[in-house]
Amino acid sequence: MAGGGGGGGGGAPKVDEPQPHPPKEQLPNISYCITSPPPWPDAILLGFQHYIVMLGTSVLIPSALVPQMGGGNEEKAKVIQTLLFVAGLNTLQQTLFGTRLPAVIGGSYTFVPTTISIILAGRFSDSDDPIDKFKRTMRAIQGSLIVASTLQIVLGFSGLWRNVARFLSPLSVVPLVGLVGFGLYELGFPVLAKCVEIGLPELVILVFVSQYMPHIIHRGKPIFDRFAVIFSIVIVWIYAHLLTVGGAYDDASPKTQASCRTDRAGLINAAPWIRVPYPFQWGAPSFDAGEAFAMMAASFVALIESTGAFIAVSRYASATPVPPAILSRGVGWQGVGILISGLFGTVTGSSVSV
């Protein structure tokens with residue numbers, strides 16, 4: 001009895017510890033996930049390809065906004081350099097300290113309507129010098145971005161956003177991310193239509209190389225479908241350069257030449273060889289309450305878009321389900337990214353590149 005009692009005292013039932021979430025199964029036709037990164041040569045090429053893809057956003061936004069602000073090719077080149085530099089900083093801090101998911105943080109179209117309203121504000125029309133008007137407008141955009149960043153910083157780092165993130169499921173995220181992606185067609189196809197003889201072949205070649213070439217040429221590694229963007233851009237740029245050199249656009253209108261020729265952007269000649277952007281490079285920011293509140297509304301839209309994109313990225317990366325607290329932390333660091341965009345002067349805020 002005594003021995004049995006002693007044995008019973010030492011054999012208390014062990015409490016089962018909760019098991020961590022298992023990683024999701026890797027989706028079909030996805031070669032790499034968060035636990036199986038690509039080898040360095042592939043990683044460098046894939047990173048360069050992603051840089052080319054997001055270069056469209058980084059070039060289109062300044063190309064559309066800077067001339068309206070009064071800037072020329074030199075200012076446009078500097079804003080593009082700043083936007084790319086800040087995108088790199090924000091991506092690094094998001095992957096190291098935020099959600100730690102493989103999500104690229106770049107310039108966002110969500111902030112463009114608010115930015116245009118600031119550009120068209122009457123308080124900058126009294127300046128006769130276009131460069132002075134550009135700098136004053138840029139400083140006003142910087143001030144509104146700095147104020148707008150506080151919304152995401154407070155909601156993210158205080159943990160308030162995790163209470164909202166609990167109600168987000170894949171069923172609600174799929175339409176959200178899909179609609180954000182479809183919204184970009186409205187911005188992309190008008191640009192394609194400006195020079196359809198170059199834009200349309202780019203689309204056709206991209207689809208052909210990514211969808212049909214792997215079935216025609218069988219190789220051990222999926223080269224064509226993985227690097228389709230690089231292949232198609234190289235082919236179409238050579239084709240566009242041959243049209244330019246051959247004089248196909250010599251008698252075309254100035255607008256057609258600006259859209260189709262490969263020597264009309266003016267960015268290469270205007271850009272310095274080496275330039276490191278720095279905070280307040282356009283001067284001290286100026287603040288206006290109305291503009292700041294309008295930019296905060298845009299920041300809230302970007303916040304919702306990015307939350308859905310984080311969930312989508314985690315599924316593509318075969319990661320564990322993202323806890324609401326991690327989503328909230330990622331939103332906080334995205335707010336820091338918008339703050340950095342405001343300090344450097346990128347003409348737009350930042351969000352996850354969908």
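The shown structure was predicted, so the numbers you read here are calculated from the model rather than taken from an experiment. Index from 1, following the sequence.
- By the rule that hydrophobic residues join a cluster once side-chain heavy atoms approach within less than 4.5 Å of another member, L96 and F85 end up as members of one cluster.
- Using modelled atom types, one finds no donor on one side chain facing an acceptor on the other under 3.5 Å when comparing S259 with T256.
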Item to complete: Please assess Y239 against I198 for the test side-chain contact (heavy atoms from CB on, under 4.5 Å), listing each intermediate value before the final yes or no.
Response: CA-CA 8 Å; Y239 161 65; I198 291 173; 4.2 Å; yes
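- Side-chain atoms of Y109 and E305 include no donor-acceptor pair closer than 3.5 Å.
- Remark: N163 engages R166 in a side chain to side chain donor-acceptor pair (under 3.5 Å) (not counting sequence neighbours).
- The minimum heavy-atom distance between M54 and G106, with the atom names listed, is CE-CA, 3.7 Å.
- To the nearest 0.5 Å, atoms CG (L65) and NZ (K76) are separated by 11.0 Å.
- Contact check on D129 versus K135 returns no salt bridge, with no Lys/Arg side-chain nitrogen under 4.0 Å from an Asp/Glu carboxylate oxygen.
- Taking each heavy atom of A298 and T110 in turn, the nearest pair found is O-CG2, 3.5 Å.
- With respect to F344, the side-chain contact (heavy atoms from CB on, under 4.5 Å) criterion is satisfied by exactly one of V79, T82, L83: T82.
- The heavy-atom pair separating V191 from L60 by the smallest distance is CG2-CD2, 4.0 Å.
- Under the side-chain contact (heavy atoms from CB on, under 4.5 Å) criterion, I274 pairs with no residue at all, not counting sequence neighbours.
- Taking hydrophobic clusters as Ile, Leu, Val, Met, Phe, Trp and Tyr residues chained together by side-chain heavy-atom distances below 4.5 Å, Y51 does not share a cluster with W40.
- When atom types are taken as modelled, the side chain of S117 and the backbone of T114 share a donor-acceptor pair closer than 3.5 angstrom.
- Using a distance-only test at 3.5 Å, with no hydrogens or angles considered, no donor-acceptor pair links the side chain of R261 to the main chain of A248.
- Between the R264 side chain and the Q257 main chain, no donor and acceptor come within less than 3.5 Å of each other.
- A donor-acceptor pair is defined here as one N or O able to donate and one able to accept, closer than 3.5 Å; no such pair exists between the side chain of Q142 and the backbone of F280.
- No hydrogens or angles considered: nothing links the side chains of T348 and T346 as a donor-acceptor pair under 3.5 Å.
- E202 CD to L200 CG: the interatomic distance, rounded to the nearest 0.5 Å, is 10.5 Å.
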**OP:** Applying ring-ring contact (aromatic ring centres under 6.0 Å, His included), run through F224 and F231 and close with a yes or a no.
**Re:** CA-CA 8 Å; F224 293 107; F231 282 122; 5.5 Å; yes
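- More than 12 heavy atoms of other residues, nucleotides or ligands shown are found within 6.0 angstrom of CG on D126.
- At a threshold of 4.0 Å, the pair R226-D42 counts as salt-bridged, since one of the basic side-chain nitrogens sits closer than that to a carboxylate oxygen.
- Between the side chains of Q334 and S306, at least one donor N or O sits under 3.5 Å from an acceptor N or O.
- Looking at Q281 and R275, their side chains do bring a donor and an acceptor atom within 3.5 Å of each other.
- Looking only at atom types and distance, the side chain of T99 has no donor-acceptor partner in the side chain of W333 under 3.5 Å away.
- Of the possible polar contacts, none joining the S172 side chain to the L168 backbone as a donor-acceptor pair under 3.5 Å is found.
- Heavy-atom contacts from other residues, nucleotides or ligands closer than 6.0 Å to CZ of R139 number more than 12.
- Side-chain atoms of T91 come within 3.5 Å of backbone atoms of I105 as a donor-acceptor pair (strictly under, hydrogens ignored).
- Atom OG1 of residue T150 and atom CG of residue L339 lie 9.0 Å apart, to the nearest 0.5 angstrom.
- Surrounding OH of Y32 are more than 12 heavy atoms belonging to other residues, nucleotides or ligands, all under 6.0 Å away.
- Taken together through direct or relayed side-chain contacts under 4.5 Å among Ile, Leu, Val, Met, Phe, Trp and Tyr, V236 and V207 form part of one hydrophobic cluster.
- The shortest non-hydrogen separation linking S341 to N90 is OG-ND2, 3.9 Å.
- The environment of OH in Y212 is sparse: at most 12 heavy-atom neighbours from other residues, nucleotides or ligands sit within 6.0 Å.
- Between the side chain of Q68 and the main chain of A64, a donor-acceptor pair closer than 3.5 Å is present.
- Taken from OG in S350 to CG in L145, the straight-line distance is 8.5 Å, to the nearest 0.5 Å.
- Under the 4.5 Å side-chain heavy-atom criterion for ILVMFWY residues, a single connected hydrophobic cluster contains both I338 and I116.
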